[in-house]
Structure formats: C-alpha cells, structure tokens
Colleague: 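First, the structure itself, so that you have it in front of you.
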Amino acid sequence: MDPFSQLILAISVTSFFTFQWLFHSVSPWVSTRVSAGFLRLNHKQRIEWNSRTVSTFHALVVGLFCLFILLFDDAVNQDPVWGDPTLVKINVGITTGYLISDLLLIFYYWKAIGDKFFVIHHLAALYAYYFVLGEGMLPYFANFRLLAEFSTPCVNQRWFFEVLGYPKSSKPNIANGVMMAAIFFLVRIAVMPVYYSRMYSVYGTEAFYRVSWGGRSAWMFSSFCLDIMNVMWMHKIARGCYRVLRSGRQRKADRQENGKTE
C-alpha cells in the first residue's frame, strides 16, 4: 500500500473514531449545557439527538470542503473522471469514516434510529466511494454528491425544534422549514441537470471506458438510487412546508378576523 493510501486509510479510521467520540461523549456534554430541553428527553430521543448533532457537524465540515474543491480544484473540474483525486479522497475518507460509524450506531440502536432508507443510502454511497478511494476514479462526481450535505443541518434542526416542543407555526420553525425546503431543493434537486449533463458529456469517451465496469455500475446505480430517494424526500419536505405555511396564513387570517369583530 502506497503512503498516500495509508494516509487515506488513517483518515477514515480517525474519522470513524472521532464521530463515535462525538456521539458518545461530546454531544451529550455540550447538549446539556446548550439546551435545557435535552435533559427532559427520553432515552430514545437522546440517542437520536446525539446522532443528529454528529450528522450536522459532519455535514458542515464535509460540505464546506466539498464547496472548496468545486470552486478551486481545477484538476478535478477539468477532468471529472481521472483528475487528481487527492483532495477528494481526503474528503471522501472523512465521509467514509462517518458513514461506517453511523451505520454501526443505526444497527446498534435500531429501535431508536433504525431506518431502512438510511441504510440503503449509506451502503450505496460506500459502494461508490470504494472506487474513488481504491482506484482514484470519478473524483468530480464523488465530490459533487457531497454538495447535498448542506441540506442536512436544516433537516436536523427541524427535528430539534419538534422534540423540544416548538409549535410548527412558531417563527423559528417556519423560518427553518422554508430554508430547509429551499436548500434541499437547491443542493439535491436543482443540481441534477448539472450532474447528469456532466455525466452525459463524458459518456462514451476514452476516459469513460477506462473506468472499470464495476466503477461505472457503482457510479450510475448509486446516483440513480440516491436521487430517487432525494425526490421522495423532497416531496415529503415540500408537502410539510406547504402545510405549515398554509396553517400560519390561516392563523394570521383568523387573528385579523377576530380583531375586526372585536
């Protein structure tokens, strides 16, 4: 194993243990000092709280790294199939450690945070990332998928508000819901034409045929699976956002009507 591959393996292993430490030690310690509501949660809710806290931290770290690569890594942007994958491998290595850590927690605490769609999502991502880390192929597309992480903090924040008892019609909840729907749409749905047009642009080229059959199937299969789930999630988020906004408008109209009658 070459020195750089050893470094990536070390990053992934370090990432795994770091996220385990964040889940078991850091999140409970910080949460009890930041939110008094954490102490009122039951055991299952605390498990999910810690899981989502770690998820938010991962999303911010990896998402910002992803954006940096998209903006400044010319080698990857110019050659999306075989460009220098150094930075992408580091980012994917961090995510790989997180995904394995999260899968372990999901299976261990299945009654609290078990979700078959998250298991499918994590396994599909890990299958695709194997070819990035092992063979250095498709760095642009692997990194582009991580852009979706920017929607995670708002999704988690919605759950935090819910478990803390914030009314759905409260201003913080409405603001977060609108932001969540907008960011989710931008980084997971609106970017699909960009992603698949770039995929189409390299299809059939020499660089494309240098990718192994396994790499091509992982690339395309994982992309389709993840985007089908993204569309499903977007549908649920849009419906929820619409219901909250409609409820808020109805309450506002009722207050105005009551004010007039008085």
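Reckoned from all heavy atoms, side chains included, excluding hydrogens, waters and symmetry mates.
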Colleague: Are Phe184 and Cys154 packed together at the side-chain level, in the sense that at least one heavy-atom pair is separated by less than 4.5 angstrom?
Modeller: no
Colleague: Between Asp79 and Val81, is there a side-chain heavy-atom distance shorter than 4.5 Å?
Modeller: yes
Colleague: Suppose the criterion is salt bridge (Lys or Arg N to Asp or Glu O under 4.0 Å): which pairs have a residue in residues 31-49, not counting sequence neighbours?
Modeller: Glu48-Arg52
Colleague: With hydrophobic residues grouped by side-chain heavy-atom distances under 4.5 Å, do Val187 and Leu71 end up in a single group?
Modeller: yes
Colleague: Do Ser15 and His58 come close enough that some side-chain heavy atom pair is under 4.5 Å?
Modeller: no
Colleague: Side-chain contact test, heavy atoms from C-beta onward, threshold under 4.5 Å: evaluate it for Leu147 versus Tyr195 and give yes or no.
Modeller: no
Colleague: Would a 4.5 Å heavy-atom cut-off, applied to side chains only, mark Thr53 and Phe160 as touching?
Modeller: yes
Colleague: Check the hydrophobic clustering (I, L, V, M, F, W, Y; side-chain heavy atoms under 4.5 Å; chains of links allowed) and say if Ile189 and Tyr200 are grouped together.
Modeller: no
Colleague: Is there a path of hydrophobic side-chain contacts, each under 4.5 Å between heavy atoms of I/L/V/M/F/W/Y residues, joining Leu105 to Trp49?
Modeller: no
Colleague: I need the full list of salt bridge (Lys or Arg N to Asp or Glu O under 4.0 Å) pairs touching residues 128-151, with sequence neighbours left out, sorted by first then second residue.
Modeller: Arg145-Asp227
Colleague: Is the OH atom of Tyr108 crowded by more than 12 outside heavy atoms at less than 6.0 Å?
Modeller: no
Colleague: Is any side-chain heavy atom of Thr86 closer than 4.5 Å to one of Lys89?
Modeller: no
Colleague: If the condition is ring pair (Phe, Tyr, Trp, His ring centres under 6.0 Å), which residues does Trp82 pass it with, not counting sequence neighbours?
Modeller: none
Colleague: May I have the step-by-step check of side chain to side chain contact (heavy atoms under 4.5 Å, CB included) for Met234 and Arg188, ending in yes or no?
Modeller: CA-CA 9 Å; Met234 183 72 249; Arg188 292 180 183 251; over 6 Å; no
Colleague: Hey, any chance Phe150 and Val92 share a hydrophobic cluster, counting ILVMFWY side chains that come within less than 4.5 Å of each other, even indirectly?
Modeller: yes
Colleague: Passes side chain to side chain donor-acceptor pair (under 3.5 Å), Thr95 versus Tyr129? Steps please.
Modeller: CA-CA 9 Å; Thr95 295; Tyr129 289 154; 5.5 Å; no
Colleague: How close do Ser197 and Val194 get, heavy atom to heavy atom, and via which atoms?
Modeller: OG-O, 2.9 Å
Colleague: Nearest heavy-atom pair of Ala142 and Val132: which atoms, and what distance?
Modeller: CB-CG2, 3.5 Å
Colleague: Do Ile113 and Phe38 land in one hydrophobic cluster if side-chain heavy atoms of ILVMFWY residues count as linked below 4.5 Å?
Modeller: no
Colleague: For Phe144, does the six-membered ring have the charged nitrogen or CZ of Arg198 within the cation-pi criterion, i.e. under 6.0 angstrom from the centroid and within 45° of the normal?
Modeller: no
Colleague: Please test Ile106 against Asp115 for side chain to side chain contact (heavy atoms under 4.5 Å, CB included), starting from the C-alpha separation and ending with a verdict.
Modeller: CA-CA 8 Å; Ile106 287 173; Asp115 189 313; 5.8 Å; no
Colleague: Go through the steps for Phe19 and Phe57 under the test side chain to side chain contact (heavy atoms under 4.5 Å, CB included), then give the verdict.
Modeller: CA-CA 9 Å; Phe19 286 114; Phe57 178 78; 3.9 Å; yes
Colleague: Nearest heavy-atom pair of Ser223 and Tyr196: which atoms, and what distance?
Modeller: O-OH, 3.3 Å
